[in-house]
Every structure is written in structure tokens, then in C-alpha cells.
Amino acid sequence: MAVTKLEYKGKVLDLTQPKIMGIVNVTPDSFYEGSRFTTVDSALQHAKDMVLAGASIVDVGGESTRPGSEPVSEEEELGRVVPVVQAIAENTDAWISVDTSSPAVMRASLEAGASMINDVRALRRPGAMEVAAEYGCPVCIQHMLGDDPKTMQKNTVYDDLLGEISSFLYERIHNCINAGIKRENIVIDPGFGFGKNLEQNYRLLGQLDRLRSFALPLLVGMSRKSMIGDLLKVNTENRLAGTIAANLFAVEKGADILRVHDVREMAEALKVYMYAIKYSKQKIKK
Ligand code: 7PJ
């Protein structure tokens, strides 16, 4: 059966309409300056603003996974993420996801009020699947070529891009279910920019509907990434229009959750798009 909602601790996220996940980076080195927050107060304010602007989920991340980035220690990541998760949980009703690969950060964040784990390494670190199974929370598992953002863009060779991404996700879903994670708690993500060159990212976007066959919620993260900037030849500040176009196309192809920096603009574009879709399905009256 197709999964059309997420549920955790009495909170329900209806996915019969596409939803927006707003990004809060509590890192000093994420690639887009506009999404970096270094104090709990500023991160909380940004989260509140995004919720008012239409975000259903707030995604908190404490380790940059931009290509070439250095890992941070677990202590550092815990210190950045947990106070922000706690502040957002205490002051909003939003779903909070935590963008981490560390089982310790997952556990501490869930204890502090997070409702979802978002792992670009698809719960491959030892102990990660077990934390998700123990808490019974939704998880987003993402495809990445290899497991290291430092080297993932070095040699992006595939025989069959969509086939290999699907096989990877299939194997990860299988492992998660074996570890005790419920199928209805799994969200999949093909990982735009994670070991894919420009052409591969657009091939993936163009054929995104192939991932519908999993019948699981589909999350996409393209916001201000180099697939937009390299095509338009613009810096990170000037990638909003391209980001919105790519995300609306992804919705047409079946995306359920759009992970973006610019929630207000994305929510407005999505509202207009969905309104037109609604009328395109009505019978034409004279
Ligand atoms: C993604 C993410 C993505 C999911 C990042 C950036 C790099 N999580 N975390 N999907 N990207 N699920 O925002 O450019 O694409 S960090």
C-alpha cells in the first residue's frame, strides 16, 4: 500500500499534497550563507519564520555535507544540534527532522523533541538503524555514491544511474525493515548532488517518477545546489528561481517533500502550481 502520511507521537503529516521542509544549518561552513545560524536564538527565530511561511518540517543540521567538507566531532555536532532542536520543540508545533548520520546525535535529538531522522548516509553507520527502530520515528534514507562527502564528487560513474540509485534504496529499505523500522516510517531520497555530476542530476530529475514504484514518500533536496548554479552560471545567492523551477518539476514527477532554504517563495510557487493543477483536473464547462 502506498504510504501517504507520516505519524509520530500523535503528530500526523499528511502527504496527499506536497509539503515543504525548511533548512536550518547550525554550522559555520554550510555552502549557502543565508541558511547558517550560529546561535540558538537566531536558529529558533528562523525556524519560527519558516513555519509561518509554510514549512511543515524544519530540518536541523550540524555537520556540513557540502562536497569536500571536513567531518565534525560527535561532541561538536551534539553541542550544535541538540539545544536548537529542544528550543524549536518547545516553541513550535512543527515536525523537526535532524540531518545527521551519528546515532548519538539521532538519539539525543529524539529525546530533545525531534520527530524524524534525515540521514544522507541512509543509516549506514553502526547503530543508526537501531536507534530509529527503538524510537519508531520516521526516517529519510538518501542515496549517496560512497559514504564520504569529501570524495563523492571525484569519480561519478554509473552504468545505469536510476537503476543503481533504485537498487541502493531497495537494499537500504530491506535492511531497515530487517532492523525493525516500519515500512510506513521510511521516506526515500535519491540524493541530488551526492556523487552526481550536472548531467546525472538532470537525468535523475527528468526520470524521478521511476522512484514512485517504491510507493513510499519521496523527498528531494535541490535547493541552491550546484546543479542549479552550474547550469545558470550563478553563485549561491542567485539560485532561487532555478531552485523553484526544479522543485515544481519534481512535484510533477511525484515528489512529496521539498527540502529548501527559501520557504516563503517555495510555498507561494507551490500554491499557485497546485491551484492550477486542481483546475486542470476539472471538466471543462462552457
Ligand atoms: C540533502 C540533505 C538532500 C536530504 C543535504 C545541501 C547539502 N538531506 N541534506 N536530501 N542535502 N534528505 O543542502 O546542499 O538532498 S546537505
Side-chain angles (χ1 to χ4, degrees), residues 6 19-37 50 55-72 77 80-81 95-102 105-106 109 114-124 128 132 137-145 147-150 152-153 165 168-169 172 176 185-196 198 200-201 204-205 208 211 216-230 235-237 239-240 242-243 246-247 250 255-263 266:
L6 296 176
K19 292 291 182 294
I20 295 175
M21 169 186 270
I23 302 169
V24 183
N25 284 318
V26 285
T27 51
D29 61 339
S30 287
F31 78 104
Y32 175 50
E33 209 185 322
S35 71
R36 290 182 214 150
F37 297 88
M50 291 198 300
S56 304
I57 311 171
V58 174
D59 189 43
V60 181
E63 182 193 27
S64 173
T65 46
R66 73 198 272 176
S69 58
E70 294 290 338
V72 297
E77 197 186 344
R80 289 177 185 176
V81 169
W95 275 70
I96 303 168
S97 66
V98 56
D99 189 346
T100 187
S101 299
S102 150
V105 176
M106 292 170 188
S109 299
S115 309
M116 180 170 169
I117 296 169
N118 173 28
D119 184 3
V120 299
R121 295 180 185 81
L123 307 176
R124 280 182 284 170
C137 63
V139 298
C140 177
I141 55 174
Q142 191 212 258
H143 174 267
M144 181 192 303
L145 189 62
D147 62 1
D148 186 1
K150 217 171 158 181
M152 67 187 175
Q153 292 299 92
I165 292 171
F168 173 90
L169 291 172
R172 293 311 304 152
C176 284
N185 275 337
I186 300 177
V187 175
I188 55 171
D189 181 343
F192 286 96
F194 284 84
K196 289 123 192 140
L198 185 67
Q200 289 160 344
N201 280 312
L204 171 56
L205 178 56
L208 193 67
L211 300 177
L216 291 175
L218 177 59
L219 188 153
V220 293
M222 294 182 281
S223 191
R224 295 181 182 267
K225 283 186 179 172
S226 57
M227 65 180 281
I228 312 293
D230 291 351
N235 61 22
T236 50
E237 308 306 316
R239 298 179 183 176
L240 178 54
T243 293
N247 276 293
D256 299 296
I257 303 174
L258 309 174
R259 182 181 178 277
V260 297
H261 299 96
D262 308 275
V263 171
M266 189 69 243

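Note: hydrogens, waters and symmetry copies are ignored here, and every other heavy atom, side chains too, is used. One-based numbering, in listed order, for ligands and for the atoms of each.
Interface of Cys140 with ligand 1, defined as ligand atoms under 4.0 Å from a residue heavy atom, comprises 12 (N). Interface atoms of ligand 1 facing Leu219, defined by a heavy-atom separation under 4.0 Å, are 12 (N). Of all atoms in ligand 1, numbered sequentially from 1 with element shown, those under 4.0 Å from a heavy atom of Gln142 are 1 (C), 2 (C), 3 (C), 4 (C), 8 (N), 10 (N), 15 (O). Those atoms of ligand 1 with a heavy atom of Asp189 less than 4.0 angstrom away are 3 (C), 4 (C), 10 (N), 12 (N), 15 (O).
At a heavy-atom cutoff of 4.0 Å, ligand 1 is contacted by no atom of Met222, backbone or side chain. Of the heavy atoms in Asp59, none comes closer than 4.0 Å to ligand 1. Contact annotation for Arg66 and ligand 1: no heavy atom of the residue comes within less than 4.0 Å of the ligand. With a heavy-atom cut-off of 4.0 Å, Val120 touches ligand 1 through its side chain alone.
Looking from atom 14 (O) of ligand 1 to the surrounding protein, the closest heavy atom is Phe31 CE2, 2.8 Å. In terms of protein heavy-atom proximity, atom 15 (O) of ligand 1 is closest to Lys225 NZ, 2.7 Å. Counting protein heavy atoms only, atom 9 (N) of ligand 1 is closest to Asp99 OD2, 2.9 Å. The single protein non-hydrogen atom nearest to atom 8 (N) of ligand 1 is Asn118 ND2, 3.1 Å, given as residue, atom name and distance.
Here the closest non-hydrogen pair linking Leu198 and Ser226 is CD1-O, 4.4 Å. Nearest heavy-atom pair across Trp95 and Met116 is CE3-CB, 4.5 Å. Here the closest non-hydrogen pair linking Ala55 and Val263 is N-CG1, 3.5 Å.
Ligand 1 has a nitrogen or oxygen under 3.5 angstrom from a nitrogen or oxygen of Arg259. Considering backbone and side-chain N/O atoms, Phe194 never comes within less than 3.5 Å of an N/O atom of ligand 1. In terms of N/O distances under 3.5 Å, ligand 1 is not approached by His261.
Listed for the Arg239 side chain is no donor-acceptor partner under 3.5 Å among the backbone atoms of Ile228. For the pair Ser69 (side chain) and Ser64 (backbone), a donor-acceptor distance under 3.5 Å is present.
Heavy-atom proximity to atom 7 (C) of ligand 1, evaluated over Asp119, Thr65, Thr27, Ile23, is greatest for Thr65.
For the 3.5 Å distance criterion, the side chains of Thr100 and Glu77 qualify, holding a donor opposite an acceptor.
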Item to complete: Apply the test side chain to side chain contact (heavy atoms under 4.5 Å, CB included) to residues Ile186 and Val139: give CA-CA distance (whole Å), side-chain angles for both, the deciding distance (0.1 Å), then the verdict.
Response: CA-CA 5 Å; Ile186 300 177; Val139 298; 4.2 Å; yes
Item to complete: Mind running side chain to side chain contact (heavy atoms under 4.5 Å, CB included) on Asp256 and Lys19 for me, showing each step along the way?
Response: CA-CA 6 Å; Asp256 299 296; Lys19 292 291 182 294; over 6 Å; no
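Ion pairing between a basic and an acidic side chain is recognised when a charged N comes within 4.0 Å of a carboxylate O; Arg259 and Asp99 show such pairing. Using a 4.0 Å cut-off between charged side-chain N and carboxylate O, Arg124 and Asp147 make no salt bridge.
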